[in-house]
K.L.:
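This structure is in structure tokens; I'll ask about it shortly.
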Amino acid sequence: MSQIQEKYGKALTVIKYKMTSGAAAARAAGDPAFMAQLAADPQVGPPRQGAVPIMVGGEMIGAFAVSGAPGGDRDEPCAIAGLARIQNRLQ
């Protein structure tokens with residue numbers, strides 16, 4: 001899977017399930033039915049950390065996804081930091 005496909009899947013997880021991709025991965029780890037639902041969606045794929053919702057005025061307007069670190073546990077903090085850096089410019 002390319003990094004572009006991976007980021008896309010992470011972002012779609014956030015948009016479809018209204019949670020960070022890390023929260024989805026944590027939920028899937030303890031919920032086999034949810035894991036199967038994620039894995040069965042060819043656009044989402046297996047859950048991976050690395051994407052967070054972009055919120056403006058309490059409304060989700062998109063998702064910010066990162067891929068490429070050696071592990072999703074490092075991707076998601078990068079996504080959070082990147083979004084924090086531009087959050088004040090979003091309206």
K.L.:
Which distance, rounded to the nearest 0.5 Å, do you find between the OG1 of T13 and the CD of Q43?
P.N.:
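The OG1 atom of T13 sits 10.5 Å away from the CD atom of Q43.
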K.L.:
Just wondering, do D75 and K10 contact through their side chains at under 4.5 Å, heavy atoms?
P.N.:
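Yes - at least one pair of side-chain heavy atoms lies under 4.5 Å apart.
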K.L.:
If you define the side chain from C-beta out and look only at heavy atoms, does anything of Q49 sit under 4.5 Å from R74?
P.N.:
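A side-chain contact is absent here, since even the closest heavy-atom pair is not under 4.5 Å.
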K.L.:
Can any side-chain N or O of S21 pair as donor or acceptor with the backbone N or O of A51 at less than 3.5 Å?
P.N.:
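Yes; judged by distance alone, with no hydrogens or angles, the pair exists.
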K.L.:
What's the separation between atom CG in L38 and atom NZ in K16, rounded to the nearest 0.5 Å?
P.N.:
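So the CG of L38 and the NZ of K16 are separated by 9.5 Å.
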K.L.:
Can you name the nearest heavy-atom pair linking R48 to V44, along with the distance?
P.N.:
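Of all heavy-atom pairs spanning R48 and V44, the closest is NH2-O, 3.6 Å.
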K.L.:
To which residues is M55 joined in a hydrophobic cluster, defined by side-chain heavy-atom contacts under 4.5 Å among Ile, Leu, Val, Met, Phe, Trp and Tyr, whether direct or through other members?
P.N.:
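Reading the cluster by chain and number, M55 sits alongside V14, M60.
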K.L.:
If we only count heavy atoms from C-beta on, is the P53 to T20 side-chain gap below 4.5 Å?
P.N.:
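In short, these two side chains touch, coming nearer than 4.5 Å.
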K.L.:
V56: which other cluster members, linking ILVMFWY side chains closer than 4.5 Å, directly or transitively?
P.N.:
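V56 shares its hydrophobic cluster with V52, I54, I61, F64, V66, I80, L83, I86, L90.
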K.L.:
Using the ring pair (Phe, Tyr, Trp, His ring centres under 6.0 Å) criterion, which residues pair with Y17? Sequence neighbours excluded.
P.N.:
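Y17 satisfies ring pair (Phe, Tyr, Trp, His ring centres under 6.0 Å) with F34 only.
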K.L.:
Taking the side chain as everything from C-beta on, heavy atoms only, tell me whether M35 gets closer than 4.5 Å to R27.
P.N.:
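Heavy-atom side-chain distance check fails, nothing below 4.5 Å.
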